[in-house]
Amino acid sequence: MPELPEVETVRRSLTPHLVGETILSATLFRADICETHDQRPATDDTLLAHATIARIDRKGKQLALIATDGRVLNIHLGMSGQVLIRDQHPEATENHVHALWTTSGSRAVMIFKDPRRFGGLWTFPTIDLLNERRWSLLGPDALDALPSVWAPALRRGDRAVKAALLDQRAVAGVGNIYADEALFRIGIRPTTRTKRLSIAASLQLATTVRSVLAESVAARGSTLRDYRDADGFPGRQQLEHRVYGRSGQTCLTCGSRLRGGQVGQRTTVWCPKCQPSQTKHSERVKL
DNA sequence: CTTATGACCTGATAGC
DNA sequence: TGCTATCAGGTCATAA
């Protein structure tokens, strides 16, 4: 569920509860969702027990709690993951709570909950190790980096442009929702081969992606089903979706019937008129 | 090297 | 009601 805007919203909502506070204890209920830098079993120490949180970083769809002593807790929410701040420990009947921390903050409990377990935790003794093992594998962050820096990566190779947008090594943070929304806004069909994208079109696309993500951050992300920020609040950007989840409905721009299909293994929706086929588009979107 | 495909999980929903 | 099938915001390993 969580793409860049949702993860950034979690980061921001988590910050007042954690930064400057101390982790008093850490408990891992499911060892297999956590990987340590040396493959040894996680301990409360590797999970930041007794650390003071200096800041929370994000790259793409990943978060990292950075302790003042250098320790790092890297969190990926996968498809269904949540990081939630609570006043109380969860009830014993609450499912899929895989890790829990108590903190010095006024709301004293943080949990990592992830029904599908596509997400996980990674622990490192230093930020350098986080970068070396994990974040250096990602492309530039789609929100923080200049579009001109990563636009060329959208033209590399020969594949559907949507697949390039979803490739976290090309640019980090774009997922299925915002890929479709950005392609609709700029008028490029998701199946367009990257070889057929002009330099100008790739720059326009990258710029549009960043705008779409920034607008969603401003709306605190999209809540389709279970996405919530750290305080449990939903986002409201789903009200602005133009194509995602609207296959078969009318295009809000031209009234055509929106098409749906699979592109790069992912459900994809586009407008056959506003997002013309490849040859037509290369004439249209060139600058 | 690149790109495509199935696998990994659980829960919600639709259809019979 | 209850069963089965399908689908979901993301990667990952393996095949071609």
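Chain naming here is simple, since letters A, B, ... match the order of the sequence lines and numbering starts at 1 in each.
Set against B:dC9, B:dA4, B:dT5, the side chain of A:Gln265 has B:dT5 as its closest nucleotide. Among the nucleotides C:dC7, C:dT11, B:dT3, the one closest to any side-chain atom of A:Thr267 is C:dC7. Out of C:dT11, B:dC9, C:dC12, the shortest distance to the side chain of A:Lys61 is found at C:dT11. Among the nucleotides B:dC9, C:dT11, B:dG11, the one closest to any side-chain atom of A:His96 is B:dG11. When distances are taken from the side chain of A:Arg193 to each of C:dG10, B:dA4, B:dG11, the shortest belongs to B:dA4. Distances from the side chain of A:Tyr244 to the nucleotides C:dA8, B:dC9, C:dT11 place C:dA8 closest.
Side-chain contact check for A:Thr102 versus A:His89: some heavy-atom pair is nearer than 4.5 Å. Put simply, the side chain of A:Arg58 reaches to within 4.5 Å of the side chain of A:Leu143, judged on heavy atoms. The side-chain heavy atoms of A:Thr267 and A:Tyr244, taken from C-beta on, include no pair separated by under 4.5 Å.
Rounded to whole Å, the distance from CG on A:Asn176 to P on C:dA8 is 8 Å. A:Leu165 places its CG atom 12 Å from the P atom of C:dG10, with the value rounded to the nearest Å. Taking atom CE of residue A:Met79 and atom P of nucleotide B:dT10, one finds them 14 Å apart after rounding to whole Å.
A close approach under 4.0 Å does occur between a side-chain nitrogen or oxygen of A:Arg266 and OP1 or OP2 of C:dG10.
DNA chain C is contacted by both A:Arg116 and A:Arg134; A:Arg116 maps to the nucleotide lying nearer its 5′ end (nearest heavy atom per residue).
Using a 4.0 Å cut-off between a side-chain N of Lys or Arg and a carboxylate O of Asp or Glu, A:Arg266 and A:Asp180 do not qualify as a salt bridge.
Centre separation under 5.5 Å together with a plane angle under 30° does not hold for the ring of A:Phe118 and the six-membered base ring of C:dT11, so they are not marked as stacked.
Using a 4.0 Å heavy-atom distance criterion, A:Asp114 is classed as making no nucleic acid contact.
Side-chain N/O atoms of A:Arg117 and base N/O atoms of B:dC9 include no donor-acceptor pair closer than 3.5 Å. For A:Arg159 against B:dA4, no side-chain N or O and base N or O form a donor-acceptor pair under 3.5 Å.
When base pairs are accepted only as Watson-Crick or G-U wobble with both N-N or N-O distances under 3.5 Å, DNA chain C takes part in stems of 3 or more pairs at B:2-8 with C:10-16, B:10-16 with C:2-8.
The only option from A:Arg156, A:Arg159, A:Lys162 that meets the side chain to side chain donor-acceptor pair (under 3.5 Å) definition with A:Asp167 turns out to be A:Arg159.
Looking at A:Thr36 and A:Thr123, their side chains never bring a donor and an acceptor atom within 3.5 Å of each other. Side chain to side chain, A:Thr223 and A:Gln238 fail the donor-acceptor criterion of an N or O pair below 3.5 Å.
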